[in-house]
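What follows is one structure encoded as structure tokens, with my remarks underneath.
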Amino acid sequence: MRLLFFAGSARDDALNKKLARLGRHIAEANGIEAVFADLADYHMPIYHGDLEAAKGPPERALAFAALLAEYDGVFIATPEYNASIPALLKNTLDWVSRVRGHGLRGSEVFKTRPFAISGASPGYYGAMRSLLALRQILAVGLGATVIPQQMALPRATNAFEEDGSLKDEAQQKLFASVIEALAVAAKRFNAS
Ligand SMILES: Cc1cc2nc3c(=O)[nH]c(=O)nc-3n(C[C@H](O)[C@H](O)[C@H](O)COP(=O)(O)O)c2cc1C
């Protein structure tokens with residue numbers, strides 16, 4: 001069983017990359033094969049219908065759809081931008097949903113594996129509004145199973161230890177339970 005972790009942030013020092021990397025670390029510590037993917041390596045132009053009509057989805061969208069398809073479960077850590085998800089993450093999901101061909105159907109990729117979501121923000125609400133938006137996009141828009149367990153990490157600028165774990169023991173435990181729930185859901189999906 002293999003899990004993929006990524007964040008809706010491109011910047012090097014992103015809080016949400018830290019959260020996604022911590023998720024991967026927790027999975028690995030529990031004997032689960034886990035990989036972190038960086039959206040900075042999957043640059044795509046903003047979705048444009050004429051561009052799609054002329055050339056189809058960009059190569060990076062095909063590559064990211066293929067990557068998602070390799071894993072039994074997917075974790076996304078999302079920042080909050082103006083009470084919703086960042087354009088980077090929405091654009092990535094939009095392009096992937098348009099992939100067809102090369103043995104891949106982007107829309108199917110979302111329906112055939114479970115997702116877990118969490119978010120980190122320097123503010124008090126810990127990206128909670130972004131999580132609501134992302135849950136709607138994945139579950140309602142893309143037909144994905146999104147597990148109910150999630151973590152909204154507030155005051156995230158000071159939340160991480162040097163080693164990448166969370167300073168607050170209760171938050172670390174809560175986050176570990178999110179990753180465990182994703183692993184359980186992925187196993188169930190695999191078996192069915
Ligand atoms: C355009 C923009 C809008 C933002 N809006 C919000 C917001 O609505 N709520 C919030 O908690 N933080 C907001 N922030 C601050 C982000 O949470 C902060 O930049 C965070 O570090 C981004 O995530 P990252 O560290 O993973 O890149 C916003 C930042 C930007 C650049």
Side-chain angles (χ1 to χ4, degrees), residues 3-29 34-48 58 60-61 63-64 67-68 71 73-96 110 115-142 144 146-179 181-182:
L3 299 179
L4 180 71
F5 294 79
F6 74 96
S9 323
R11 72 188 187 98
D12 283 342
D13 210 24
L15 297 166
N16 285 280
K17 285 192 193 177
K18 288 184 184 169
L19 195 59
R21 286 194 169 105
L22 175 58
R24 180 206 47 195
H25 177 77
I26 290 169
E28 278 178 344
V35 162
F36 171 79
D38 192 337
L39 281 191
D41 297 329
Y42 292 88
H43 179 75
M44 301 166 204
I46 288 287
Y47 177 82
H48 189 309
R60 290 286 78 192
F64 200 66
L67 183 76
L68 290 172
Y71 291 85
V74 178
F75 172 89
I76 307 175
T78 182
E80 181 169 288
Y81 279 9
N82 297 317
S84 192
I85 70 169
L88 170 70
L89 180 54
K90 183 64 163 59
N91 193 50
T92 302
L93 297 175
D94 287 344
W95 270 125
V96 168
F110 293 105
F115 287 73
I117 60 175
S118 290
S121 153
Y124 281 113
Y125 301 118
M128 183 53 92
R129 296 169 302 177
S130 178
L131 286 170
L132 291 171
L134 182 55
R135 188 172 288 281
Q136 174 174 321
I137 292 160
L138 288 169
V140 182
L142 297 165
V146 187
I147 65 165
Q149 294 86 350
Q150 65 179 32
M151 190 171 74
L153 182 66
R155 297 300 210 186
T157 314
N158 297 314
F160 293 92
E161 297 279 11
E162 283 285 306
D163 69 1
S165 63
L166 292 168
K167 288 179 186 168
D168 185 278
E169 210 178 305
Q171 281 176 334
Q172 175 77 17
K173 265 194 180 160
L174 174 67
F175 190 52
S177 73
V178 173
I179 306 306
L182 175 62

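Just follow the structure's listing: the first ligand is 1, and inside any ligand the first atom is 1.
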| field | Contact with ligand 1 for Arg129, non-hydrogen, under 4.0 angstrom | value | yes
ask   = Is Glu80 close to ligand 1, meaning an N/O of one under 3.5 Å from an N/O of the other?
value = yes
Quick note on ligand 1: atoms under 4.0 Å from a heavy atom of Asn16 include exactly 23 (O), 24 (P), 26 (O)
The atoms of ligand 1 lying under 4.0 Å from a heavy atom of Ser9, numbered in the order shown, are 24 (P), 26 (O), 27 (O)
Numbered in order shown, the ligand 1 atoms found under 4.0 Å of a heavy atom of Pro79 are 22 (C), 23 (O), 26 (O)
Check: Asp38 main-chain N/O paired with Lys17 side-chain donor or acceptor under 3.5 Å:
no
Distance col, row Leu134:CG vs Arg129:CZ, nearest 0.5 angstrom, shows 15.0 Å
the protein heavy atom lying closest to atom 27 (O) of ligand 1 turns out to be Arg11 NE, 2.9 Å
Side-chain donor-acceptor contact under 3.5 Å, Ser130 with Thr78: yes
Handout entry: Sub-4.0 Å heavy-atom approach of Ala127 to ligand 1
Key = no
Problem - Ring centre gap for Phe64 and Phe6 strictly below 6.0 Å - result: yes
The protein heavy atom nearest to atom 17 (O) of ligand 1 is Pro122 CD, 3.3 Å
Any nitrogen or oxygen of Asp13, side chain or backbone, less than 3.5 Å from one on ligand 1?
no
For atom 11 (O) of ligand 1, the closest protein heavy atom turns out to be Ser121 OG, 2.6 Å
In short, Pro148 meets Arg135 closest at the heavy-atom pair O-NH2, 3.5 Å
The option among Asp12, Thr157, Leu15 carrying the non-hydrogen atom nearest to atom 21 (O) of ligand 1 is Leu15
Distance flag, aromatic centroids of Phe36 and Phe5, threshold under 6.0 Å | no
**Request:** Using a 4.5 Å cut-off on heavy atoms from C-beta on, say whether the side chain of Leu166 contacts that of Phe160.
**Result:** yes
Task: Whether over 12 other heavy atoms sit under 6.0 Å from Asp163 CG - done: yes
**Study point:** Within-cut-off N or O pair, Ala120 and ligand 1, under 3.5 Å
**Key:** no
When distances are taken from atom 5 (N) of ligand 1, the protein heavy atom at minimum range is Asn82 N, 2.8 Å
Determine whether any protein heavy atom is located less than 4.0 Å from atom 19 (O) of ligand 1. no
Between Pro79 and Ala127 the two heavy atoms that sit nearest each other are C-CB, 4.4 Å
